[in-house]
Amino acid sequence: MYRTHTCGQLKIEDVDKMVSLAGWVQRSRDLGGMTFIDLRDRYGITQLVFNMETDSALCEKARKLGREFVIRISGKVAERSNKNLKIPTGEIEIICNKFDILNASEVPPFTIEDETDGGDELRMKYRYLDLRRSVMKKNLELRHRMAQEVRNYLSKQNFLEIETPVLIKSTPEGARDFVVPSRMNPGQFYALPQSPQTFKQLLMVAGYDRYFQIVKCFRDEDLRADRQPEFTQIDCEMAFVEQDDILDTFEGLTKNMLSNIKGVEITEAFPRMSYSEALENYGNDKPDIRFEMTLHEISGLVKGKGFEVFDSAEYVGAICAESCSEYSRKQVDALTDFVKKPQIGAKGLVYVKCNPDGSYKSSVDKFFDQDALAGWASELGAKPGDLLLVLAGDKSRTLSALSELRLEMGRTLGLMDKTIFAPLWVVDFPLLEWDEDSRRFYAMHHPFTSPRPEDIELLDSDPGKVRANAYDLVINGVEIGGGSIRIHDKALQQKMFKTLGFAPEEAEAQFGFLMNAFRFGAPPHGGIAFGFDRLVSLFAGLDSIRDVIAFPKNNSGRDVMIDSPAKIEEELLKELRLRIEQAKA
RNA sequence: GGUGUGGUAGUUCAGUUUGGUUAGAAUAUCGGCCUGUCACGCCGAGGGUCGCGGGUUCAAGUCCCGUCCACACCGCCA
């Protein structure tokens, strides 16, 4: 037996017990006459003590132990004369009488501490060392507990966890697929699922009316801090339900998780906001409602005063930053630079300082008198001491720039408290999105999303106006999940494919399996999927999902630890009947 | 595909604006001293392809061009 206890286990009650422990040398403090060693395992840290007077040979040996050596020790638990109340085992130490080095360690390339000196790249390359740090351990423990909580909650609600295949087929629409060549079927490829979408719908047809799965999904698109090529979803589907049934069920799940994991009790119902409301008031479809500072259109108030920028703009909108009227020239310039960044894309920024004395000072005083500016302030509900920030231009770009500006101000003013959770449902998404490049409509959610019944007739006349039975769960400005009521009728599904520009044969070839299933009694159904990595990182208070994934990939989709993706043997290519076309020099 | 930031000791960074002596700090490592430390302390030492390639110059970490890598973002992500 390697050990009798773990390094987080022994307490003052265990004094005088003879124990053995195994773990890693976290740090040693060599005082000459005696040496202390912190021994670490998954469960904690226990201090070992070696004394020259008691056993000089053993103590000498202990002095030579380096960081991250794996050792096994035995000794007697003793009460410390100087207690360390900062750690759970700080009242005791082990007076060692024997130890073995199970494995020595080279000096690690970075320190294994909460505040490590290692940069991201190095931590990724030696991920197994990074994961030894207790902050990373906490993240993975949180992830585990959250997964358990999901399984418990949904199982109690009669959901069945059913696995779906990973080798499936590529379909048009949506993200790029990762593909896997088939050796037994030369020239043909499997695709990895972007989500188990069609399979869970087929499970509904099969009568498994409540399905869930914590499942890997794959999308071959460019990455971000919150996007990995492979990521995990809490994927669900329910039959014989309407939108409210799904929202209620997953609102329950979310509240339960917040309560049991974070100790955050939310008693009232999550607010529901339409997609168009979200755009008008927040400038995007995933509003962070931890703070107000909503967008206000003031086009009507500003036109026709001879200020060309406003007169020629499709949309003029503003936000009100509370208590910022004392902003210096430098601070306003910094905000102007912020909105003029290419990613934001505004041409400039107009400000109005609502001075504490009730007067107004703006960058457009030449065109607007005090009364006009007072009118703007009143529209935005601004008080003396506030600062109005105004952007103008074409509507969609200006809304999104105002949204970015609002978030920037929220960050600056400290309004984004990570311990507050502000969830809401965004509903009534458009069914379709026009794409200018390919001159056709695309499904905003996916091609199986049901239009709202009252909008179905618009499918022929004005497809862009059709609203979908689709919904997103947004928490603190992060899109945590989304779903929809699906089409369960063959004719409507065919009509949908037609609107998306699929020829009937094409639709049949790509999605015939689903439409065939709809011929045999498909129940009304719908579902939702939560981004599990995002949910965990939100609960952990992190901005990147990489720290809640044991072995993530970098910005370019590479795993720098195992160095993948990588070339494969010529022999293997041959077997797969694949030839690599060399990139042009 | 694009925009921005960065790449200097094992590591994290300063130094680059304005080219000029032997490229610094912290931390880690190694050696010495130290019997109650817990981020131990004190003394000392070693440690550099300034990402890579080219150019300008008497002289390049510093200026110019190219390139690679990392990170953040835009496009993209049903």
Side-chain angles (χ1 to χ4, degrees), chain A residues 26-39 45-54 56 59 63-64 66-68 78-87 89-91 93 95 106-126 129 171-177 193-195 197-198 217-229 231 337-338 340-345 397 400-401 404 429-433 435 437 441-449 468 470 479 482-484 496 500 529 531 543-544 546 554-556 558 560:
Chain A
Q26 174 73 23
R27 182 182 287 116
S28 70
R29 290 175 294 278
D30 179 359
L31 273 60
M34 60 195 314
T35 287
F36 298 98
I37 284 176
D38 289 341
L39 190 68
I45 284 182
T46 297
Q47 175 166 286
L48 315 176
V49 58
F50 298 87
N51 198 311
M52 270 313 198
E53 274 178 9
T54 341
S56 61
C59 192
R63 292 173 80 171
K64 294 199 177 66
R67 281 164 56 207
E68 301 305 317
E79 182 171 2
R80 292 199 201 180
S81 58
N82 279 353
K83 294 180 180 174
N84 178 0
L85 299 178
K86 283 186 275 186
I87 60 170
T89 61
E91 290 192 272
E93 62 195 356
I95 299 170
E106 287 181 27
V107 176
F110 51 88
T111 57
I112 314 291
E113 311 272 354
D114 286 1
E115 297 290 330
T116 181
D117 62 3
D120 289 343
E121 202 176 343
L122 206 60
R123 288 173 48 213
M124 289 303 170
K125 179 161 182 190
Y126 300 93
L129 298 182
T171 52
E173 301 285 303
R176 287 186 197 90
D177 286 311
Q194 299 174 24
S195 86
Q197 185 59 37
T198 47
C217 302
F218 306 86
R219 293 177 192 175
D220 186 8
E221 296 292 347
D222 286 6
L223 307 177
R224 292 284 189 280
D226 63 349
R227 270 167 30 193
Q228 284 274 305
F231 60 99
D337 288 345
F338 175 81
K340 284 167 90 171
K341 283 196 300 189
Q343 285 90 337
I344 311 285
R397 208 168 312 175
S400 90
E404 292 299 331
F429 278 83
L431 182 71
L432 301 162
E433 228 174 354
D435 178 67
D437 290 340
F441 282 104
Y442 279 86
M444 191 157 182
H445 187 54
H446 56 52
F448 319 110
T449 301
E479 183 194 326
S484 62
M496 183 70 180
L500 293 174
D543 294 317
S544 168
R546 281 174 212 168
N554 76 4
N555 246 3
S556 349
R558 300 201 67 85
V560 293

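Quantities reported herein were computed from a predicted structural model and do not represent experimental measurements. Both backbone and side-chain heavy atoms feed into the values below; hydrogens, waters and symmetry mates do not. Per chain, numbering begins at 1; letters A, B, ... match sequence-line order.
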On a whole-Å scale, what distance lies between the [atom1] atoms belonging to [N] and [M]?
N	M	atom1	answer
A59(B)	U8(B)	P	26 Å
U16(B)	G10(B)	C1'	24 Å
C74(B)	C64(B)	C1'	29 Å
G15(B)	G48(B)	C1'	14 Å
G1(B)	G20(B)	C1'	43 Å
C52(B)	A60(B)	C1'	16 Å
G47(B)	U62(B)	C1'	24 Å
C69(B)	C30(B)	C1'	32 Å

Any donor-acceptor pair under 3.5 Å joining the side chain of [X] to the base of [N]?
X	N	value
R176(A)	C77(B)	no
N82(A)	U37(B)	no
R219(A)	C77(B)	no

Counting only heavy atoms not in [X], do more than 12 fall under 6.0 Å of its [atom1]?
X	atom1	result
R176(A)	CZ	no
K340(A)	NZ	no
R397(A)	CZ	no

When you measure from the side chain of [X] to the backbone N and O of [Y], does any donor-acceptor pair fall under 3.5 Å?
X	Y	result
R227(A)	D222(A)	yes
Q26(A)	I112(A)	yes
T35(A)	C59(A)	no

Inset, instruction - Please name all residues satisfying ring-ring contact (aromatic ring centres under 6.0 Å, His included) with Y126(A), sequence neighbours left out, ordered by chain then number. - result: none
Legend entry - Partner set under ring-ring contact (aromatic ring centres under 6.0 Å, His included) for F448(A), not counting sequence neighbours: H446(A), F511(A)
Output the rounded distance in Å from [atom1] ([X]) to [atom2] ([N]).
X	N	atom1	atom2	answer
N51(A)	C34(B)	CG	P	14 Å
N84(A)	U37(B)	CG	P	11 Å
F36(A)	C40(B)	CZ	P	12 Å
E106(A)	U11(B)	CD	P	14 Å
E68(A)	U11(B)	CD	P	17 Å

Legend entry - Summary of protein contacts for nucleotides 45-50 of chain B, nucleotide by nucleotide, where a base hit scores B, a sugar-phosphate-only hit scores S (4.0 Å, heavy atoms): ------
Inset, instruction - Would you mind building the protein contact string for nucleotides 23-31 of chain B? One character per nucleotide, 5' to 3', B for base within reach (heavy atoms under 4.0 Å), S for sugar-phosphate only, - for untouched. - result: -----SS--
Both distances below 3.5 Å, Watson-Crick or wobble geometry, any strand: find the nucleotide opposite [N].
N	answer
G66(B)	C52(B)
G44(B)	C30(B)
U12(B)	A25(B)
C73(B)	G2(B)

If the condition is side chain to side chain contact (heavy atoms under 4.5 Å, CB included), which residues does [X] pass it with, not counting sequence neighbours?
X	answer
E121(A)	none
S195(A)	Q197(A), C217(A), R219(A), Q233(A)
N84(A)	R80(A), K86(A), I87(A)
S56(A)	M52(A)

Legend entry - I37(A) side, atom CD1; R63(A) side, atom CZ - distance, nearest 0.5 Å: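 Reported to 0.5 Å precision, the distance equals 11.0 Å.
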Inset, instruction - Measure the spacing between CD of Q343(A) and CZ of F338(A) and express it to the nearest 0.5 Å. - result: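 Here the rounded value is 9.5 Å.
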Legend entry - Contact check, side chains of F218(A) and P193(A), non-hydrogen atoms, under 4.5 Å: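 Of all side-chain heavy-atom pairs linking P193(A) with F218(A), at least one is under 4.5 Å.
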Legend entry - pair R123(A)-T116(A): side-chain heavy atoms closer than 4.5 Å: yes
Answer with base, sugar-phosphate or nothing: what part of the nucleic acid does [X] contact at a heavy-atom distance below 4.0 Å?
X	answer
K83(A)	base
F110(A)	nothing
E479(A)	nothing
R80(A)	base
E53(A)	base
I344(A)	nothing
K86(A)	sugar-phosphate

Inset, instruction - Pick out which of D177(A), D220(A), T171(A) makes a side-chain hydrogen bond (donor to acceptor under 3.5 Å, both in side chains) with Q194(A). - result: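 Answer to the side-chain hydrogen bond (donor to acceptor under 3.5 Å, both in side chains) test with Q194(A) among D177(A), D220(A), T171(A): D177(A).
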Legend entry - N/O (side chain, R29(A)) to phosphate O (OP1/OP2, C40(B)) under 4.0 Å: yes
Below 3.5 Å is the cut-off: list the nitrogen or oxygen pairs between protein and nucleotides 3-7 of chain B, distance only.
{"from": "U3(B)", "atom 1": "O2", "to": "Q343(A)", "atom 2": "NE2", "distance (Å)": "2.7"}

Produce the list of close N/O pairs, under 3.5 Å, pairing protein atoms with atoms of nucleotides 15-17 of chain B; give distances to one decimal.
none

Below 3.5 Å is the cut-off: list the nitrogen or oxygen pairs between protein and nucleotides 69-71 of chain B, distance only.
{"from": "A70(B)", "atom 1": "OP1", "to": "N554(A)", "atom 2": "ND2", "distance (Å)": "2.7"}
{"from": "A70(B)", "atom 1": "OP2", "to": "S556(A)", "atom 2": "OG", "distance (Å)": "3.1"}
{"from": "C71(B)", "atom 1": "OP1", "to": "R546(A)", "atom 2": "NH1", "distance (Å)": "3.4"}
{"from": "C71(B)", "atom 1": "OP1", "to": "N555(A)", "atom 2": "N", "distance (Å)": "3.4"}
{"from": "C71(B)", "atom 1": "OP2", "to": "N555(A)", "atom 2": "N", "distance (Å)": "3.0"}

Inset, instruction - Please name all residues satisfying side-chain hydrogen bond (donor to acceptor under 3.5 Å, both in side chains) with E433(A), sequence neighbours left out, ordered by chain then number. - result: none
Inset, instruction - Give the nucleotide from the list U37(B), G75(B), A39(B) with an atom nearest to the side chain of R224(A). - result: G75(B)
Legend entry - RNA chain B: 5'-proximal contact among E221(A) and S28(A) (nearest heavy atom): S28(A)
Legend entry - Residue whose closest nucleotide on RNA chain B lies nearer the 5' end, S81(A) versus L122(A): L122(A)
Inset, instruction - State whether R29(A) and D38(A) are salt-bridged, where the test is any N-O pair (Lys NZ or Arg NE/NH1/NH2 against Asp/Glu carboxylate O) under 4.0 Å. - result: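 So R29(A) pairs with D38(A) through a salt bridge.
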